[in-house]
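Since the structure comes first, as structure tokens, the remarks are kept for the end.
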Amino acid sequence: MNKIYVKGPNEEVFYEVLDNGLTVYMLPNNKVKTYYLTFSAKFGSVYTEFKLEGDKSYTKIPNGVAHFLEHLTFYTEDGDASTFYADNGAKSNAYTSTHITCYEVYGYNKFKENLEYLLDYVQKPYYTEKMVNDEKGIIIEEIKMYEDDPESVLIGESSASIFVNDNRKYLVAGTKKDVKSTTVKDIENAYKTFYHPSNMFIVLTGNFNPEEALAIIEENQSKKEFGEKKKIINKVVKEPKNVACTYKEIKKDVSIEKLELALKIPMSTFLKDGITEHELVSSLNIILNSNFGSTSEFRETLVDGNIINNDIIYYASVCGNYLIIEFMCETHYPKRLITLLEEKINNLDIDEIEFNSKKKVAISNLILVFEDIERVRFSYFPFDKIIKENEVPTYLFDTYSKLNLKTLKSICKKINTDEEAVVVIKKNNRTSKKNK
């Protein structure tokens with residue numbers, strides 16, 4: 001069995017690629033009594049036009065099929081997979097994002113039975129035309145719930161405002177029209193293409209024996225037959241530098257108005273000066289925390305001035321050729337908040353004392369996260385790296401350790417509001433009257 005050494009925490013990740021292409025990552029932790037199992041397909045909402053190597057034309061499916069397939073996968077000939085896990089004293093769940101569909105199990109006993117069942121129900125699709133049609137109503141109700149939730153609307157509308165052509169602009173679940181138009185053939189095409197073992201991976205963390213776990217997986221997979229491994233080619237669209245919409249207001253039943261301000265910056269802005277993607281993401285964690293975190297002077301000023309209610313939620317992510325930075329918060333004065341955020345974003349800075357403090361905390365968190373079998377799953381097995389590079393980021397400790405103040409100050413100067421998208425969830429008239 002292969003081992004990957006993770007510097008800093010001084011931990012070893014067990015790693016194996018099976019003959020059918022399935023990749024297995026294992027990080028045992030005998031200090032806890034529980035285990036966390038995930039089985040993932042590299043198939044998310046952005047993949048709607050694709051073909052296998054050798055095919056002449058692309059297959060197109062409606063938006064939301066990845067999410068639709070996630071729902072259907074839980075159904076087996078013997079009933080719902082969730083029932084099996086509940087009876088075995090375990091919790092099961094699944095989720096679909098832009099680039100992945102993940103099936104997860106959290107338990108403390110019956111490791112072998114729960115792992116085998118996870119492999120079996122995901123790899124043995126069971127759906128009929130009636131099941132597909134029946135599920136449409138359930139998913140449409142789910143979409144309606146999102147439409148009624150102000151935070152979900154804020155996030156969805158922000159994505160639609162940021163991206164022009166990129167499929168990230170669409171809801172993961174698709175629209176009600178997308179769901180209604182989905183057919184059994186769409187589901188079958190998606191499953192056949194993306195749920196081949198060579199396009200999937202397993203991550204196991206917690207209390208288990210890696211040798212036994214690998215033996216269970218190998219034996220399980222040896223009993224199954226899969227089609228030929230073929231490269232999947234997803235249609236690439238060109239995303240322009242501009243945002244789709246610079247400002248949008250939506251009225252909802254909210255007591256306090258909500259705002260998201262998102263920046264869209266070409267990655268070339270940073271990479272051309274020799275800053276790597278790893279350095280950029282790590283640096284931004286420190287920069288954003290220092291300038292907008294719960295202990296930042298800027299946040300305290302906004303709270304003291306009654307501009308915002310609580311914290312500023314911020315995210316930074318690399319989306320294709322662009323860096324997207326998002327800021328979300330509740331506000332009593334959205335217009336004033338936009339002005340203050342823009343001023344702060346265009347004048348980001350960090351001093352040496354703050355830099356050294358935040359750097360130490362970041363390095364400490366890289367080590368402490370290994371105590372949490374769920375958090376470590378997302379910190380050291382990030383989907384974007386596994387999808388793009390098939391790697392566990394063993395470089396995190398070194399990257400943070402080598403960060404210097406000069407690099408962070410250089411990044412601060414390159415962040416600007418040239419391309420920004422603002423979405424505000426306003427109080428509707430009914431809510432306003434009610435609150436008077």
Side-chain angles (χ1 to χ4, degrees), residues 1-18 22-42 70 74 81-82 84-97 99-122 200-218 220 281-282 285 361-387 390-397 400:
M1 193 186 311
N2 300 305
K3 294 181 183 179
I4 304 170
Y5 177 70
V6 182
K7 188 177 178 181
N10 299 323
E11 297 279 354
E12 286 183 331
V13 173
F14 295 88
Y15 165 81
E16 195 75 25
V17 180
L18 306 191
L22 179 63
T23 305
V24 181
Y25 300 99
M26 297 178 287
L27 179 62
N29 182 348
N30 59 15
K31 296 177 184 177
V32 299
K33 295 181 179 180
T34 53
Y35 56 81
Y36 181 47
L37 321 176
T38 61
F39 191 14
S40 305
K42 300 175 185 178
E70 174 217 311
F74 266 89
S82 299
F84 173 89
Y85 285 115
D87 292 343
N88 268 341
K91 294 186 206 173
S92 65
N93 206 346
Y95 60 87
T96 305
S97 67
H99 288 76
I100 206 138
T101 305
C102 176
Y103 302 89
E104 53 188 1
V105 177
Y106 187 91
Y108 65 92
N109 61 11
K110 298 186 178 180
F111 176 82
K112 183 176 187 294
E113 294 92 326
N114 288 336
L115 175 56
E116 285 180 328
Y117 193 77
L118 174 63
L119 295 167
D120 288 342
Y121 90 80
V122 173
M200 303 183 76
F201 61 95
I202 296 171
V203 179
L204 311 180
T205 60
N207 194 329
F208 65 93
N209 183 302
E211 288 291 350
E212 180 190 18
L214 184 60
I216 292 168
I217 296 169
E218 286 179 330
N220 178 279
V281 173
S282 300
N285 287 337
V361 170
I363 292 173
S364 176
N365 286 338
L366 287 176
I367 298 172
L368 291 175
V369 75
F370 272 83
E371 299 300 316
D372 188 316
I373 65 172
E374 290 186 71
R375 283 182 60 214
V376 73
R377 161 70 181 77
F378 295 97
S379 297
Y380 280 90
F381 304 93
F383 291 141
D384 58 338
K385 295 302 174 190
I386 290 177
I387 291 170
N390 286 321
E391 69 170 14
V392 175
T394 57
Y395 49 77
L396 289 176
F397 184 83
Y400 273 103

Closest non-hydrogen atoms of V369 and V376, given as atom of the first, atom of the second and distance, are O-CB, 3.5 Å
Distance-only donor-acceptor check, side chains Y95 and E70, under 3.5 Å:
no
For D372, which residues count as a salt bridge (charged side-chain N to carboxylate O under 4.0 Å, His left out) partner, sequence neighbours excluded?
none
Can you find a side-chain donor-acceptor pair between Y103 and N93 that sits under 3.5 Å?
no
With side chain to side chain contact (heavy atoms under 4.5 Å, CB included) as the test, would you mind laying out the steps for I100 and F201 before giving the verdict?
CA-CA 11 Å; I100 206 138; F201 61 95; 3.5 Å; yes
Taking it one step at a time, do V122 and M200 satisfy side chain to side chain contact (heavy atoms under 4.5 Å, CB included)?
CA-CA 11 Å; V122 173; M200 303 183 76; 3.9 Å; yes
Locate the shortest heavy-atom distance separating A90 from V105; write the atom from each residue and the value.
CB-CG1, 4.1 Å
Donor-acceptor under 3.5 Å (S40 side chain, C102 main chain)
no
Closest heavy-atom pair and its distance - L204, A213
CD1-CB, 3.8 Å
Assign the ring pair F74 / Y121 to parallel, tilted or perpendicular, where the plane angle (0 to 90°) is split at 30° and 60°.
tilted
Return the minimal non-hydrogen interatomic distance between D120 and N220, and the atom names on each side.
OD1-ND2, 2.9 Å
Should the ring pair F84 and Y117 be called parallel, tilted or perpendicular, given that the plane angle runs from 0 to 90° and is split at 30 and 60?
parallel
d(L22 CG, L119 CG) to nearest 0.5 Å is 7.5 Å
Between V13 and L27, which heavy-atom pair has the shortest distance, and what is it?
CG2-CD1, 4.2 Å
Between F111 and L37, does a side chain to side chain contact (heavy atoms under 4.5 Å, CB included) hold up when you go through it step by step?
CA-CA 9 Å; F111 176 82; L37 321 176; 3.6 Å; yes
Where do N29 and V32 come nearest, in terms of heavy atoms and distance?
O-CG2, 3.3 Å
Report the C-alpha separation of V24 and F14 in whole Å, then their side-chain angles, then the decisive distance to 0.1 Å, and conclude whether the side chain to side chain contact (heavy atoms under 4.5 Å, CB included) test is met.
CA-CA 8 Å; V24 181; F14 295 88; over 6 Å; no
Kindly compute the distance separating CD (E11) from OH (Y5), expressed to the nearest 0.5 Å.
9.0 Å
Atom pair CD1/CG of I202 and L18 - distance to nearest 0.5 Å
7.0 Å
Assert yes or no for the condition that the ring centre distance of F208 to Y35 is strictly below 6.0 Å.
no
So how far is it from N207 CG to N109 CG, rounded to the nearest 0.5 Å?
11.5 Å
Applying salt bridge (charged side-chain N to carboxylate O under 4.0 Å, His left out), can you list everything that pairs with E12, at least two apart in sequence or on another chain?
K3
Drop me the distance from K7's NZ to L396's CG, to the nearest 0.5 angstrom.
12.5 Å
In Å and rounded to the nearest 0.5 Å, what is the CD to CD1 distance from E211 to I216?
11.5 Å
